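Working notes for the structure below.
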Amino acid sequence: MREVSVPRSSVRGVRLATWNVNSVRARLERVADWLKAGDADVVAMQETKCRDDQFPEDTFRELGYEVAHVGHSQWNGVALASRVGIEDVERGFPGMPQWGDPPAAEARALGATCGGIRVWSLYVPHGRDQQNPHMRYKLDWLARLRDAGREWLAADPQAEIALVGDWNVAPRDEDVWDMDFYADKTHVSPAEREAFAGVVGAGYADVVRPYAPGPGVYTYWDYKQLRFPKRQGMRIDFVLASPALAPRVRSATIDREARKGKNASDHAPVVVDLR
DNA sequence: ATGGTCGATTATCGA
């Protein structure tokens, strides 16, 4: 599968990261600095907030990464950057529900094989609020992802698949800073948690939590209300791994440092080291 | 003070 005979990553393992960058163009300097320091081999990005023709490919290329992107205007947009190859790029997964006018509708999922691992960069619909039709779309979207994920493993139980990104679900009470605050909002409802659990039940394990246990461990902090310095966040960014991939995990970290200072994204990168 | 901040695109909307 690998095109390079002895890539550096095969000697010291593959470092896989996911990061909701909240605009790849507004964040470009910080993303580039993070790539230089972070040594990631594969980086999934979400909320790139640009069209394909606006994606700053050259900056990534200069840093040694190939890129694939799907996006539309300011909405959503997901990307993969890889220095261990990008093959078989797919925009959207089979059965993925649509919302709004294409191509915005397809800007939530990008799959590619990177260094032998099938990586999906995912931006799960937000839901907006419990009564909004967008919530139904969110739950349907996760149900279709569950079905697709189950089929991929049925076709090849040994497949090394990573489902990574911003899931817009906090699966446990400990994953939000205050359950009362979120009681009537999105991300914590039983329906949303069941939808997330459906993907886990299809065979994909959260491989980060064992290395970054809660409570009080988050991946997102609202820009407003000084949520970050007050340590009031949510854990909503996850790396889920298939049964063949999960045992390759050696460590995982949430890079809180990247949320600090000016011009930070409201999400921190999540990093997983594979053997 | 029932908001407070961002980003993309153009006075809103989404997160």
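Here is the naming used below: chain letters follow the sequence lines, and residue numbers restart at 1 for every chain. Computed from a predicted model, the values in this text were never measured in an experiment.
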Could you check A/N263 against A/D166 and say which one's nearest nucleotide on DNA chain B is further toward the 5' end?
-> A/N263
For A/A26 and for A/H126, find the nucleotide of DNA chain B with the closest heavy atom, then tell me which residue's nucleotide is more 5'.
-> A/A26
Quick one: list whatever passes side-chain contact (heavy atoms from CB on, under 4.5 Å) with A/E174, sequence neighbours left out.
-> A/R172, A/R209, A/P215
In chain order, what residues pass the side-chain contact (heavy atoms from CB on, under 4.5 Å) check against A/D266, with sequence neighbours excluded?
-> A/N22, A/Y220, A/Y223, A/R259
Looking only at side-chain atoms of A/K224, point me to the closest of B/dG14, B/dT5, B/dT9.
-> B/dT5
Nearest listed nucleotide, side chain of A/N76, among B/dT9, B/dT5, B/dA15 | B/dA15
Distance below 4.0 Å between A/S23 side-chain N/O and B/dC6 OP1 or OP2 = no
Does B/dG7 have OP1 or OP2 sitting under 4.0 Å from an N or O in the side chain of A/R25?
-> no
Output the rounded distance in Å from [atom1] ([X]) to [atom2] ([N]).
X: A/N20; N: B/dT5; atom1: CG; atom2: P; result: 20 Å
X: A/F181; N: B/dG3; atom1: CZ; atom2: P; result: 13 Å
X: A/K49; N: B/dC13; atom1: NZ; atom2: C1'; result: 10 Å
X: A/Q46; N: B/dG14; atom1: CD; atom2: C1'; result: 17 Å
X: A/D222; N: B/dT5; atom1: CG; atom2: C1'; result: 7 Å
X: A/K185; N: B/dA15; atom1: NZ; atom2: C1'; result: 14 Å
X: A/H187; N: B/dA15; atom1: NE2; atom2: C1'; result: 8 Å
X: A/M45; N: B/dG7; atom1: CE; atom2: P; result: 17 Å

Please name all residues satisfying salt bridge (charged side-chain N to carboxylate O under 4.0 Å, His left out) with [X], sequence neighbours left out, ordered by chain then number.
X: A/D273; value: A/R15
X: A/R144; value: A/D147
X: A/E66; value: none

Rounding to an integer number of angstrom, what distance separates [N] and [M] when you compare their [atom1] atoms?
N: B/dG3; M: B/dG7; atom1: P; result: 22 Å
N: B/dG14; M: B/dT10; atom1: P; result: 15 Å
N: B/dT2; M: B/dA8; atom1: P; result: 29 Å

With a non-hydrogen cut-off below 4.0 angstrom, is A/Y220 in contact with a base, only sugar-phosphate, or nothing?
-> nothing
With sugar-phosphate meaning primed atoms plus P, OP1 and OP2, does A/R27 contact a base, only sugar-phosphate, or nothing at under 4.0 Å between heavy atoms?
-> sugar-phosphate
Taking NZ, NE, NH1 and NH2 as the nitrogens, is one of them in A/R235 or A/D175 under 4.0 Å from a carboxylate oxygen of the other?
-> yes
In this structure, are over 12 heavy atoms from other groups packed under 6.0 Å from A/R231 atom CZ?
-> no
Residues in contact with DNA chain B, drawn from residues 133-141 of chain A - heavy-atom cutoff 4.0 Å = none
Decide whether A/T186 and A/E192 meet the rule of one side-chain donor and one side-chain acceptor closer than 3.5 Å.
-> no
